[in-house]
Amino acid sequence: MYPSLTPPRQVKIGDAAAFAGTTPRAIRHYHAIGLLPEPERGGDGRRRYGYDDMIRLLWIRRMADAGISLDDMRAAFGEARDETRDESGDGASDQAPGIESVLGRLEASLAAQEAAVRRRRAAVQRLRAVGSPLGLLSELVTDRLSPLPPGALRPSDLDALLVTERICGPLGAAIQASAFIVLATHPDLRAEDDRLEAAEAALDDGVAPDDPRVEELAVQRCAHQMALDQAIEAAGLEAAEAKILETYDAGLTGEEGREMSAATAVTKMAATAVTKMPYDFSPARMRCLELAGRLFGEALADAHPADGS
């Protein structure tokens, strides 16, 4: 016995959803936003969907699969309706945005999604190559740190680079990486850095900002920073920094380039770091930090006077 091939004249919402590959809830939403006209209801008060309803629903699902938004679908269906009116001589209401503009927006959105996927894939590849969490930093930073052996950097080093990258961008973190390369390869400088860090941490709220220890530590921190600077130069790391800065400066044009070089930009951005993160430094430690920064700036100016001075 063969099954009946007689098609139904109408179907209920569950059958309509199953055939179109969607859900009754989605169909009700299409009704609510005016994308799918509300069909007639049968004697039991339930919606009944005919051939035209199903064709509309199938096109909606196909457009959704293509990534077209519901608002753009509504505009496209409205445009098609207006074109039909024009052909019949009834006149048209305000024209909806053309399907070409819809497709243009969709293409731009897909291009942005593709770029995001490429960035994520590159991040995954960095994670595979250099490990986590170092691989989560930007490529510019990880490339600078790649010569170091695994485990050479401390978690606190990576934390500092993460904060710098957030505030100053990859450029600032790539420049800062020189200091961590030197600390990782010079045990004496690392030991002194640890000693100073502990001493500065001891400048709690019980220490007055004008305590003599504050100025003493600032002078010692400045001397340590100068030693780091000299080690960076001796290791040839300044050449890598200069190349990074030149690449950045080459991208600046006009007033932007004249007003702020890369070195100046990094310095100014780095100065804001302590105001962006909740370090919870005491007034004494803040004064120590500010004084050390001022002393270091003066020392650098004396060590590298401007050309022609």
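This chain uses plain numbering: 1 for the first residue, then up along the sequence.
Remark: Arg74 fails to qualify as a cation-pi partner of Phe77 under the 6.0 Å distance and 45° angle criteria applied to the six-membered ring.
Across all non-hydrogen atoms, the minimal contact from Arg126 to Gly135 is NE-O, 3.5 Å. Closest non-hydrogen pair, Pro8 versus Val11, comes out as CG-CG1, 3.8 Å. Looking at every heavy atom in both residues, Ile68 comes nearest to Met73 through O-CE, 3.1 Å. Here the closest heavy-atom approach between residue Thr22 and residue Arg61 is recorded as CB-CD, 3.6 Å. Closest approach of Val207 and Ala202 over heavy atoms only: CG2-O, 3.8 Å. Val141 and Pro170 make their closest contact through CG2-O, 3.8 Å (heavy atoms, listed as atom of the first residue, atom of the second, distance).
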Taking it one step at a time, do Arg25 and His29 satisfy side-chain contact (heavy atoms from CB on, under 4.5 Å)? CA-CA 6 Å; Arg25 182 177 180 181; His29 181 62; 6.0 Å; no
For Leu70 and Tyr30: C-alpha separation, side-chain torsions, deciding distance, then whether side-chain contact (heavy atoms from CB on, under 4.5 Å) applies. CA-CA 8 Å; Leu70 297 182; Tyr30 299 154; 3.9 Å; yes
Set out, in order, the CA-CA distance, both residues' side-chain angles and the distance that settles side-chain contact (heavy atoms from CB on, under 4.5 Å) for Phe19 and Leu57, then state yes or no. CA-CA 10 Å; Phe19 183 78; Leu57 185 56; over 6 Å; no
Could you please spell out the steps behind the side-chain contact (heavy atoms from CB on, under 4.5 Å) verdict for Gln113 and Ser109? CA-CA 6 Å; Gln113 292 175 39; Ser109 174; 3.2 Å; yes
Using a 3.5 Å cut-off and no angle test, enumerate the donor-acceptor pairs between side-chain atoms of residues 214-231 and protein atoms at least two apart in sequence or in another chain.
from, atom 1, to, atom 2, distance (Å)
Gln220, OE1, Arg195, NH1, 3.4
Gln220, OE1, Arg195, NH2, 2.8
Arg221, NE, Glu200, OE2, 2.9
Arg221, NH1, Asp193, OD1, 3.0
Arg221, NH2, Glu200, OE1, 3.0
Arg221, NH2, Glu200, OE2, 3.3
His224, NE2, Asp193, OD1, 3.1

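Using modelled atom types and a 3.5 Å distance limit, the side chains of Arg144 and Ser178 yield a donor-acceptor pair. When only modelled atom types and interatomic distance are considered, Ser156 and Asp159 share no side-chain donor-acceptor pair under 3.5 Å.
Put simply, Leu291 and Met286 are part of two different groups of oily side chains (I, L, V, M, F, W, Y) that touch within less than 4.5 Å, one to the next. Using a 4.5 Å cut-off between side-chain heavy atoms of Ile, Leu, Val, Met, Phe, Trp and Tyr, with links allowed through other members, Leu203 and Tyr279 fall into different hydrophobic clusters. The hydrophobic cluster containing Leu196 does not contain Leu295, counting ILVMFWY residues as joined when their side-chain heavy atoms lie under 4.5 angstrom apart, directly or transitively. Using a 4.5 Å cut-off between side-chain heavy atoms of Ile, Leu, Val, Met, Phe, Trp and Tyr, with links allowed through other members, Leu134 and Ile175 fall into different hydrophobic clusters. Linking ILVMFWY residues whenever their side-chain heavy atoms come closer than 4.5 Å, directly or via other members, leaves Ile167 and Leu162 in distinct clusters.
From Ile244, atom CD1 reaches atom CG of Leu140 across 5.0 Å, with rounding to the nearest 0.5 Å. Separation of atoms CD (Glu192) and CG (Leu183) is listed at 11.0 Å; rounding is to 0.5 Å. Atom CD of Gln10 and atom CZ of Arg47 lie 13.5 Å apart (nearest 0.5 Å). From Asp71, atom CG reaches atom CD1 of Ile33 across 7.0 Å, with rounding to the nearest 0.5 Å. Here the CG-CE distance, from Leu35 to Met63, works out to 8.0 Å after rounding to the nearest 0.5 Å. Considering CD1 of Ile55 and CD1 of Ile60, their distance stands at 11.5 Å, rounded to 0.5 Å.
More than 12 heavy atoms of other residues, nucleotides or ligands sit less than 6.0 Å from atom CZ of Arg41. For Asp65, the CG atom counts as densely surrounded, since its 6.0 Å shell holds more than 12 non-hydrogen atoms of other residues, nucleotides or ligands. Enclosure of atom CD in Glu238 by more than 12 non-hydrogen atoms of other residues, nucleotides or ligands within 6.0 angstrom is indicated.
Using a 4.0 Å cut-off between a side-chain N of Lys or Arg and a carboxylate O of Asp or Glu, Arg190 and Asp157 qualify as a salt bridge. By the 4.0 Å N-to-carboxylate-O rule, Arg154 lies close enough to Asp194 to be salt-bridged with it. Salt-bridge formation is not detected for the pair Arg56/Asp53: no Lys NZ or Arg NE/NH1/NH2 atom is positioned less than 4.0 Å from an Asp or Glu carboxylate oxygen.
Put simply, the side chain of Thr164 never gets that close to the backbone of Leu161: no donor and acceptor are under 3.5 Å apart. Proximity of a side-chain donor or acceptor of Thr185 to a complementary backbone N or O of Ile181 within less than 3.5 Å is detected. Arg48 places no side-chain N or O within donor-acceptor distance of the main-chain N or O of Lys12, the cut-off being under 3.5 Å.
Side-chain contact between Val124 and Arg128 is present, with at least one heavy-atom pair separated by less than 4.5 Å.
When ring centroids are compared, His31 and Tyr49 come within the 6.0 Å threshold.
The side chain to side chain donor-acceptor pair (under 3.5 Å) check on Asp205 picks up nothing, with sequence neighbours excluded. Here Ser138 pairs with Glu165 under the side chain to side chain donor-acceptor pair (under 3.5 Å) rule; sequence neighbours left out.
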